[in-house]
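Throughout, protein chains are lettered first and strands after them, A, B, ... in sequence-line order, and every chain is numbered starting at 1. If you're wondering where the values come from, they're calculated on a predicted model, not measured in any experiment.
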2 protein chains.
Amino acid sequence: MKHVVQKKYSHAVIATDVVIFTVYEEQLKVLLIKMKKKPFVGMWAIPGGLVHGKESVDEAAQRHLIEKTGVKDVYLEQLYTFGHVDRDPFGRVVSVAYFALIPNAGLKLKTTSEYDDVAWFSVAHLPKLAYDHTEILETAIQRLKAKLGYSTISYSLLPKEFTLSQLQHIYEVILGDALDKRNFRKKILSLGLLKRLGKKRSGGASRPAELYTFLKRSSLIASVL
Amino acid sequence: MKHVVQKKYSHAVIATDVVIFTVYEEQLKVLLIKMKKKPFVGMWAIPGGLVHGKESVDEAAQRHLIEKTGVKDVYLEQLYTFGHVDRDPFGRVVSVAYFALIPNAGLKLKTTSEYDDVAWFSVAHLPKLAYDHTEILETAIQRLKAKLGYSTISYSLLPKEFTLSQLQHIYEVILGDALDKRNFRKKILSLGLLKRLGKKRSGGASRPAELYTFLKRSSLIASVL
DNA sequence: CCAAAAGTGTTCCGACTACACCCATGT
DNA sequence: ACATGGGTGTAGTCGGAACACTTTTGG
C-alpha cells in the first residue's frame with residue numbers, strides 16, 4: 001500500500017473502488033480494509049486505488065479485486081462515478097466505483113491469511129467508513145437489490161452446483177424478506193435457465209435436495225445495461 | 001474551443017461528454033458538434049470537455065450542457081464512465097458520460113445561432129462519430145429506452161403544459177413502435193401524477209385536446225438509482 | 001419415531017391486451 | 001360537410017400472490 005496518495009494533485013486523478021459482496025452466514029457481507037492514513041486511521045474503507053497509465057479503468061478495478069481476494073473470473077460491474085471536489089482530503093480524486101459478487105466458498109480464509117486488516121462486514125452492521133464510501137456502498141446495495149429482480153446476477157454468488165433453497169436464500173438475504181417457496185421455484189424454473197443434476201445430502205439431518213446448475217455460464221464481466 | 005487537448009498526458013485526465021436528447025419532428029434527436037481536430041476533422045462528436053480542477057464532475061457536465069444549449073434546469077443523469085486506454089488518440093482520457101433531456105420548445109434556434117458547427121441529428125440517421133462516441137450514444141439510447149418504462153423522465157421532454165397525445169408521442173418515438181391510445185391513457189392517468197387544466201387548440205383543424213401538467217415538479221437533476 | 005428441510009398444485013385477483021366508435025373543432 | 005386528431009369502455013387472458021401437506025433423510 002505504498003502507492004497511495006500522499007500529496008495534493010494539481011489535476012484530478014482517477015481511482016477506482018470495488019465493493020465486494022458475498023453471502024454467507026445468512027447475511028450479505030462486504031469486504032472492507034482498515035485504513036492507516038492520517039485522517040482516517042482505524043476507519044474502514046472500500047478497497048481500491050489509483051488507475052495506472054497503461055490499464056483501462058475496468059482493468060484497474062479487476063486488479064484491485066484480485067489483489068484483495070485472489071479470486072478471478074467473478075462478476076464485476078461498473079457502478080457509478082463519484083466526482084465531488086472534496087471527496088478526498090488528499091487532493092482531487094475522481095473514483096469510478098465497481099461492485100463485484102463472489103461465491104462464498106471458503107473465501108474467508110484466503111483473504112484473512114494475507115491481510116490482517118481486511119474483513120467481511122455484514123451490511124446490516126457497518127462501521128463508519130472513510131471518504132464518501134458510505135454513499136458508494138449504499139449505491140451498490142441499491143443496485144444489487146434492483147438487479148436481483150431483472151437479471152441473473154444471483155448466479156455469481158453461488159457455487160457451480162447448488163440447490164433451489166440456496167438460491168432462494170440469496171434472494172431473501174439480499175432483499176431482506178421471505179419469499180414463498182412454491183412461487184419462487186415455479187418462477188425460477190419457468191425461466192428455463194437451470195438444469196437438474198443428481199442429488200446431494202446437505203450437512204444436516206433432512207431430506208437431500210436436488211442439485212441444479214446454470215445452463216448459460218455467460219460472460220462473467222458485464223457492463224451496465 | 002481552445003481548451004481542448006493538444007498534447008499527450010502523462011497521467012489520465014478526466015473529461016465528460018453529454019449526450020443531449022430532445023424529441024421533435026416525430027423523431028428522437030441528439031445534439032452533435034463538428035470536430036476540427038486532426039484525426040477527426042469533419043466528423044461529428046458528442047459535446048464535452050475536460051473537468052476543471054475546482055468543479056465536480058457533475059458540475060462539469062452541467063457546464064458543457066449549458067455552453068452548448070444555453071438551457072438550465074434540465075434533466076441530467078450520469079450514464080457510464082468510459083475508460084479504455086486507447087479511446088482518445090491524444091492521450092489518456094477517461095470520460096464520464098452523461099445524458100440530458102430537454103424539451104423541444106424552440107431550442108433549434110438558440111443553438112444554431114451561436115455555433116454553426118452544432119446540429120441536431122435523428123438517432124435513426126447518425127453520421128460516423130469521433131472517438132468511442134458511437135458506443136456512448138448507443139449506451140445512452142439503451143438507457144433512455146429502459147428508463148421510459150419505469151421512471152418519469154419523459155416529463156423532461158415536454159413543456160409544462162402538454163396533451164396526452166404529446167406524451168404518448170414521446171413514448172412512441174423513443175421506443176419505436178405504436179402504443180394503444182386507450183391503454184396508454186388508462187395507465188398514465190392511473191399513476192395519479194397528472195393534473196387536468198383547461199383546453200387548448202392545437203395548430204391544426206381538429207378537436208382541441210385537454211391540457212395536463214405534472215403534479216410533482218421534483219428535482220430536475222437526478223442521479224442514477 | 002422425531003426433527004428438519006425438500007418438494008409439490010390450485011385458486012384468486014389485479015394488470016395488461018386487444019379492439020371500434022363518437023366528438024369537437026377548423027376549413 | 002368533411003377532414004383531423006381527441007376522447008372513451010369492455011371482455012379476455014396472463015402472471016403473481018396466497019396458501020398446507022407429504023416426502024426423504026439423519027439421528
Side-chain angles (χ1 to χ4, degrees), chain A residues 23-27 104 145-152 154 158-159 161-214, chain B residues 23-27 104 145-146 148-152 154 158-159 161-213:
Chain A
V23 171
Y24 74 95
E25 291 175 353
E26 310 275 308
Q27 293 191 307
N104 54 7
K145 284 186 183 180
K147 288 206 107 175
L148 271 196
Y150 63 88
S151 78
T152 57
S154 54
L158 289 171
E161 305 192 344
F162 55 89
T163 69
L164 292 184
S165 295
Q166 285 179 293
L167 181 57
Q168 185 175 345
H169 275 67
I170 297 287
Y171 277 81
E172 291 178 333
V173 164
I174 296 175
L175 297 178
D177 54 20
L179 301 175
D180 180 85
K181 200 196 328 182
R182 283 173 288 194
N183 292 337
F184 180 80
R185 287 166 182 241
K186 248 182 299 177
K187 195 159 148 190
I188 292 290
L189 291 175
S190 75
L191 298 176
L193 300 173
L194 299 185
K195 195 173 80 180
R196 295 174 70 121
L197 306 169
K199 286 200 168 192
K200 86 148 187 186
R201 56 174 48 91
S202 60
S206 99
R207 175 175 175 175
E210 195 75 34
L211 283 172
Y212 288 82
T213 195
F214 290 106
Chain B
V23 172
Y24 74 95
E25 290 175 355
E26 310 275 307
Q27 292 191 308
N104 56 5
K145 284 185 182 180
L148 270 194
Y150 63 88
S151 78
T152 56
S154 53
L158 290 170
E161 305 192 344
F162 56 90
T163 69
L164 292 185
S165 296
Q166 285 179 294
L167 181 57
Q168 184 174 346
H169 274 66
I170 297 286
Y171 277 80
E172 291 179 331
V173 163
I174 296 175
L175 296 177
D177 53 24
L179 302 174
D180 180 86
K181 200 199 323 186
R182 281 174 288 192
N183 293 338
F184 179 81
R185 286 166 183 241
K186 246 182 298 177
K187 196 158 148 192
I188 292 289
L189 291 175
S190 75
L191 297 176
L193 300 173
L194 299 185
K195 196 173 82 181
R196 295 174 71 120
L197 305 169
K199 287 201 173 194
K200 87 150 188 184
R201 56 175 46 94
S202 58
S206 101
R207 174 175 175 175
E210 194 75 34
L211 283 173
Y212 289 82
T213 195

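- As a whole-Å value, the separation of B:Leu179 CG from D:dG7 C1' is 17 Å.
- Rounded to whole Å, atom C1' of D:dG6 lies 13 Å from atom CD of B:Gln166.
- Atom-to-atom, NZ of A:Lys187 to C1' of C:dT8 comes out at 19 Å; the value is rounded to the nearest Å.
- Pairs of residues two or more places apart, or lying in two chains, that qualify as side chain to side chain donor-acceptor pair (under 3.5 Å) and include a residue from residues 183-193 of chain A are A:Ser165-A:Arg185, A:Asp180-A:Asn183, A:Asn183-A:Lys186.
- Spacing between atom CG of A:Leu164 and atom C1' of C:dT8 amounts to 12 Å, rounded to whole angstrom units.
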Reading 5' to 3' through nucleotides 18-27 of chain C, protein heavy-atom contacts under 4.0 Å coded B for base, S for sugar-phosphate only, - for none
BBB--BBBS-
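- Here C:dA6 presents its P atom at 9 Å from NZ of A:Lys200, a figure rounded to the nearest Å.
- In this structure the side chain of B:Thr213 never reaches within 4.5 angstrom of the side chain of B:Leu194, judged on heavy atoms.
- Considering CG of B:Leu191 and OG1 of B:Thr152, their distance stands at 9.5 Å, rounded to 0.5 Å.
- Here A:Val23 pairs with A:Leu28, A:Leu157, A:Ile170, A:Val173, A:Ile174 under the side-chain contact (heavy atoms from CB on, under 4.5 Å) rule; sequence neighbours left out.
- Of the inter-residue distances, the one linking A:Leu167 atom CG with A:Leu179 atom CG reads 10.0 Å to the nearest 0.5 angstrom.
- Put simply, NE2 on B:His169 and CD on B:Gln166 are 9.0 Å apart, with the number rounded to the nearest 0.5 Å.
- Contact annotation: B:Ser165 side-chain N/O to D:dG5 OP1/OP2 distance is not under 4.0 Å.
- For the helix from C:dC1-D:dG27 to C:dT27-D:dA1, the axis fitted to the five pairs at one end and the axis fitted to the five pairs at the other end meet at an angle of 0° (nearest 10 degrees).
- In this structure, CZ of A:Phe162 is placed 20 Å from P of C:dA5, rounded to the nearest angstrom.
- A distance of 8.0 Å separates CD1 of A:Ile188 from CG of A:Leu193, quoted to the nearest 0.5 Å.
- If you measure from atom CZ of A:Phe184 to atom P of D:dG15, you get 19 Å, rounded to the nearest angstrom.
- Regarding A:Leu167, its CG atom lies at a distance of 15 Å from the C1' atom of C:dA6, rounded to whole Å.
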Output a table of donor-acceptor pairs, distance under 3.5 Å, between side-chain atoms of residues 204-212 of chain A and any protein atom two or more places apart or on a different chain; print 'none' if there are none.
unit_1: A:Glu210; atom_1: OE1; unit_2: A:Arg196; atom_2: NH2; d: 3.1

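- For B:Phe184, the ring pair (Phe, Tyr, Trp, His ring centres under 6.0 Å) test picks out B:Tyr171, with sequence neighbours left out.
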